[in-house]
Amino acid sequence: MIFRLGYVAMTLGLKDCSPSGTVTFTNYNKIQTEEGKLHRLKKLSKANLENTLRILYYNKAMNIHVYRLTSKLIPLASHPEAVKWDYVNELHDEFKAVGDYIMENNFRVSAHPDHYTLINSPSEKVLEDSIRDLDYHVNIFEAMGLLDYKYKLVLHVGGLYKDKKSSVERFKENFVKLPDRIRKRIILENDDKSYTARDVLGICMDLNIPMVLDVHHHACVNQGEHLDKLLPDIFNTWNGETFNPKIHFSSPKSEKDFRNHADDINLTDFVQFLKTAKKVKRDFDIMLEAKAKDQALLKLSASLTGIEGLTRLNESYFEM
DNA sequence: TCGTGTCAAGATCTT
DNA sequence: AAGATCTTGACACGA
């Protein structure tokens, strides 16, 4: 079986190549004219898309095909008070260049709306803001021409609101009401505090949603279950999907800051997880969430060369 | 050019 | 009930 490695958003191997250039709302407001504001947003967005393309060139050169797009491609896009503009059409060519390159080279790209996006919130406003943010993310995929639902948005279940059971119910109610173009993109990940892998698996099986296991989060909070028990079912939530199952992997920064991400991936823990994954006998992808991004990936990749039972096919592809 | 406080956003813990 | 904390990369501003 084959597994692949990927990383998140930015590339330390490239200088001056942030795909997440932005402007603070405070500063944005200092710009006097509507035209000036628009110009600023457009300039930043254009640079972000160009840098994303550069990152993809780099990924291709490095044989890395699993990559998470930044959520910050279009600054203030879902900010309620920022000027509304048609970034999809105005940046059509830039979006298309990125999307074409992704499809031509079979990249598996995804996005991960940040933790303010909560579709199980009891607040009508928070829900509304969240849907607007999801809409923005889908707009980006669509603008790139990534119309296939295989390009996913990773979400957490949300807050507990002092009552897990009703909060899960609210998630389900709100989820099924989402428009197809959003709902069919969403996949769910266990978090490091509230919703365990087992909680999320239950929801995913109920609603037919692919689940992303975060191994680190599972170590932070669990109900005593071993991953051996859960992993086959987690992978089965991907049956019928185009892409293989995906998991997230990161290492704790320290014993004290256990939930924080370390710069690199702990080799011992990683190999330990591979042993569990091997039993499932299924190809899968691993999104590395390490602060050293692509450098952490390459470092891990290099150190996996000597591991017994593992064949390194290239920088990010392994057979075991 | 460098260092540091600040930043759109919510939830939850602390006081 | 209000304020602090979480966590993160990048801005913004001043030295």
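Each chain gets a letter, A, B and so on, in the order its sequence line appears, and its residues count up from 1.
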Exercise. Can you tell me if A/Asp257 uses its side chain to pair, donor with acceptor, with the backbone of A/Asn260 under 3.5 Å?
Worked result: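 No: the side chain of A/Asp257 does not pair with the backbone of A/Asn260.
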Problem set entry | Check against salt bridge (charged side-chain N to carboxylate O under 4.0 Å, His left out), A/Arg4 and A/Asp283 | CA-CA 9 Å; A/Arg4 306 187 293 181; A/Asp283 295 346; over 6 Å; no
Problem set entry | Pairing residues for A/Arg68 by the salt bridge (charged side-chain N to carboxylate O under 4.0 Å, His left out) criterion, not counting sequence neighbours |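 With sequence neighbours excluded, A/Arg68 shows a salt bridge (charged side-chain N to carboxylate O under 4.0 Å, His left out) to A/Glu289, given in chain and number order.
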Exercise. Partners of A/Asp163 by salt bridge (charged side-chain N to carboxylate O under 4.0 Å, His left out), sequence neighbours excluded?
Worked result: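 Once residues adjacent in sequence are excluded, A/Asp163 has no partner under the salt bridge (charged side-chain N to carboxylate O under 4.0 Å, His left out) criterion.
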[X] [atom1] to [N] [atom2], straight-line distance once rounded to whole Å:
{"X": "A/Lys256", "N": "C/dC6", "atom1": "NZ", "atom2": "P", "answer": "9 Å"}
{"X": "A/Glu289", "N": "C/dT8", "atom1": "CD", "atom2": "P", "answer": "10 Å"}
{"X": "A/Leu76", "N": "B/dC7", "atom1": "CG", "atom2": "C1'", "answer": "11 Å"}
{"X": "A/Arg68", "N": "C/dG9", "atom1": "CZ", "atom2": "P", "answer": "12 Å"}
{"X": "A/Lys291", "N": "C/dT7", "atom1": "NZ", "atom2": "P", "answer": "10 Å"}
{"X": "A/Leu44", "N": "C/dG9", "atom1": "CG", "atom2": "P", "answer": "19 Å"}
{"X": "A/Lys43", "N": "C/dC11", "atom1": "NZ", "atom2": "C1'", "answer": "15 Å"}
{"X": "A/Tyr28", "N": "C/dA10", "atom1": "OH", "atom2": "C1'", "answer": "19 Å"}

For this session: Give the ring-plane orientation class for A/His248 versus A/His112, where under 30° counts as parallel, over 60° as perpendicular and anything between as tilted.
Result: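 Tilted.
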Problem set entry | Contact check, side chains of A/His216 and A/Phe258, non-hydrogen atoms, under 4.5 Å |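 Of all side-chain heavy-atom pairs linking A/Phe258 with A/His216, at least one is under 4.5 Å.
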For this session: With the side chain counted from C-beta on, respond yes when A/Val83 and A/Glu34 share a heavy-atom pair under 4.5 Å apart, and no when they do not.
Result: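 Contact flag for A/Val83/A/Glu34 side chains = yes.
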Would you list the atom pairs, donor with acceptor, under 3.5 Å between side chains in residues 306-313 of chain A and any protein atom, with sequence neighbours excluded?
unit_1   : atom_1 : unit_2   : atom_2 : d
A/Arg312 : NE     : A/Ser301 : O      : 3.3
A/Arg312 : NE     : A/Ser301 : OG     : 3.0
A/Arg312 : NH2    : A/Ser301 : OG     : 3.0

The side chain of [X] is closest to which nucleotide in this list: [options]?
{"X": "A/His261", "options": "C/dA12, C/dT8, C/dA10", "answer": "C/dT8"}
{"X": "A/Asp114", "options": "B/dA9, B/dC7, C/dT8", "answer": "B/dA9"}
{"X": "A/Lys30", "options": "C/dA12, C/dG9, C/dA10", "answer": "C/dA12"}

Seminar exercise, completed: Per-nucleotide protein contact along nucleotides 10-15 of chain B, 5' to 3', at a 4.0 Å heavy-atom cut-off (B base, S sugar-phosphate only, - neither), is SSS---
Taking only side-chain N and O atoms of [X], does any of them lie within less than 4.0 angstrom of OP1 or OP2 on [N]?
{"X": "A/Arg259", "N": "C/dT7", "value": "yes"}
{"X": "A/Asn27", "N": "B/dC7", "value": "no"}
{"X": "A/Ser18", "N": "C/dA10", "value": "yes"}
{"X": "A/Thr24", "N": "C/dA12", "value": "yes"}

For this session: For A/Thr26, answer base if it contacts any base atom (sugar-phosphate contacts may also be present), sugar-phosphate if it contacts only those atoms, and nothing otherwise; contact means non-hydrogen atoms under 4.0 Å.
Result: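 Touches sugar-phosphate only.
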Exercise. Contact class for A/Lys72 vs. all strands (heavy atom < 4.0 Å): base, sugar-phosphate, or nothing?
Worked result: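 The answer is nothing, as A/Lys72 stays clear of every strand by at least 4.0 Å.
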Exercise. Should side-chain heavy atoms under 4.5 Å link Ile, Leu, Val, Met, Phe, Trp and Tyr, which residues sit in the same cluster as A/Val212?
Worked result: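 For the cluster that includes A/Val212, the remaining residues are A/Val154, A/Ile187, A/Trp238.
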Distance, [atom1] atom - from [M] to [N], rounded to whole angstrom:
{"N": "B/dG3", "M": "C/dT7", "atom1": "P", "result": "25 Å"}
{"N": "B/dT12", "M": "C/dG9", "atom1": "P", "result": "23 Å"}
{"N": "B/dA11", "M": "C/dA10", "atom1": "C1'", "result": "24 Å"}

Exercise. What distance separates A/Ile203 CD1 from A/Glu169 CD, expressed to the nearest 0.5 Å?
Worked result: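 One gets 9.0 Å once the value is rounded to the nearest 0.5 Å.
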Exercise. Name the stems with DNA chain C in them: runs of three or more consecutive Watson-Crick or G-U pairs, distances under 3.5 Å?
Worked result: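 Listed by first number, the stems are B:1-7 with C:9-15, B:10-15 with C:1-6.
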